[in-house]
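All remarks here apply to the structure that follows.
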Protein chains: 2
Amino acid sequence: MTITPERILEAFKQKGLRVTGPRRTLACLLVETVGSDFTIEELWDMVLKRDPAIGRATVFRAVEILQELQLLDRVEFSNGSHRFRFCHEAGQHHHHATCSSCGKVIEVPTCLSAEQLATVSRVANFTVEGHRLEFFGRCANCRV
Amino acid sequence: MTITPERILEAFKQKGLRVTGPRRTLACLLVETVGSDFTIEELWDMVLKRDPAIGRATVFRAVEILQELQLLDRVEFSNGSHRFRFCHEAGQHHHHATCSSCGKVIEVPTCLSAEQLATVSRVANFTVEGHRLEFFGRCANCRV
DNA sequence: ATGGTTGCAAACTTTTTGCACTTCG
DNA sequence: CGAAGTGCAAAAAGTTTGCAACCAT
């Protein structure tokens, strides 16, 4: 199940959103970025190379939508900064390990168990609807 | 073990940092905020009421240090925003559940097991040095 | 046609920086 | 005294907004 621009555009349609030129351009670009991460500024720069007429706001707006569609992941780093990433596992629940030395991002399937989530609900008297989990450390290359 | 301004200032000293007027003011203020959360702007406003001479940059710099000292927690919300919080559990490892309706923050002790962390290390070929875990959902008051 | 979408530019929010002055130790 | 810390103001990042024109459907 490789991700294609069509899949992304289909997701827009199913949300009742239109398929437009800028969105098409973005979809094509994003599938090529799989496995790498970027800031919105960097994404905009990439977009400009394909269509210099696209505005920055359009990119910000598209990123917001793609996050809601769960297609684009926001990756948090230990220093509090964040980058975006169109993951191999796009659409699948997963988390990220980020190297505090080189910034490498690794997709990891590890997650909390149902029991652990139930425990949170109980002790916090809280309905858990979602969570975010990030691992920080050092990748194989940056190990000492 | 109640937290006191002295404890905070002591932590500064042990890091080789000086105890200054602004830091004293901040320490006193922070122990009174335990259990509530704030933005840096809000913190600065509170600081100004005690000493109108303190600059914004000083507050930003102090917040950065207090985070490194693990005394001040940065709480992330589901919408991507964040606030700071001087927790009851200051210094103890814990996480947060935030209500996406009213913004309430609940401190929770639930965490990953050693096995789960070991699994991440193994599958990602990655030395895990830290992690961040946030729960999103609805608190008792905002439940439908 | 018609309402969602876009580009632009300006406004905004949040955080950082350089530097002369101050203050702790 | 000397280095760390501070206040200020300006600048840098990062993001949002209003609106007239545009274009999918």
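Every chain is numbered from 1, with letters handed out A, B, ... down the list of sequences. Values below: every heavy atom of this structure, side chains too, minus hydrogens, waters and symmetry copies.
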Please tell me which of B/E41 and A/D51 maps to the more 5' nucleotide of DNA chain C, matching each residue to the nucleotide holding its nearest heavy atom.
A/D51

Report yes if at least one side-chain N or O of B/T20 is closer than 4.0 Å to OP1 or OP2 of D/dT6; otherwise report no.
yes

Answer yes or no: does a side-chain N or O of B/R23 lie under 4.0 Å from OP1 or OP2 of D/dG5?
yes

Between [atom2] on [N] and [atom1] on [X], what's the gap in Å once rounded to a whole number?
X	N	atom1	atom2	answer
B/W44	D/dG7	CH2	P	10 Å
A/N79	C/dT16	CG	P	10 Å
B/E64	C/dT14	CD	C1'	14 Å
B/K15	C/dG25	NZ	C1'	19 Å
A/R83	D/dT15	CZ	P	12 Å
B/K13	D/dA4	NZ	P	18 Å
A/I65	C/dT5	CD1	P	7 Å
B/D45	C/dT14	CG	P	11 Å

Report yes if the side chains of A/R24 and A/V19 come closer than 4.5 Å at any heavy-atom pair, otherwise no.
yes

Validation row: A/T33, A/L30 side chains within 4.5 angstrom (heavy atoms)
yes

Which of the following nucleotides, [options], is nearest to the side chain of [X]?
X	options	result
B/H82	C/dT15, C/dT5, D/dG2	C/dT15
B/F60	C/dC24, D/dG7, C/dT16	C/dT16
A/A57	C/dT6, D/dT6, C/dC8	C/dC8
A/P22	D/dT6, D/dA4, C/dT6	C/dT6
B/I54	C/dG7, D/dG7, D/dT25	D/dG7
B/T58	C/dT6, D/dG7, C/dT15	D/dG7
A/V19	C/dT6, D/dT25, D/dT6	D/dT25
B/R18	C/dT23, D/dT15, D/dT25	C/dT23
B/R61	C/dT17, C/dT5, C/dT6	C/dT17

Would you indicate whether B/Q70, at its atom CD, is surrounded by more than 12 heavy atoms from other residues, nucleotides or ligands within a distance under 6.0 Å?
no

Assess the residue pair B/H88 and B/F86 against the criterion (ring pair (Phe, Tyr, Trp, His ring centres under 6.0 Å)); give the C-alpha distance rounded to whole Å, side-chain angles, the decisive distance to 0.1 Å, and a yes or no.
CA-CA 7 Å; B/H88 293 99; B/F86 200 87; 9.9 Å; no

Can you confirm whether or not the ring centre of A/H95 sits under 6.0 Å from the ring centre of B/H131?
no

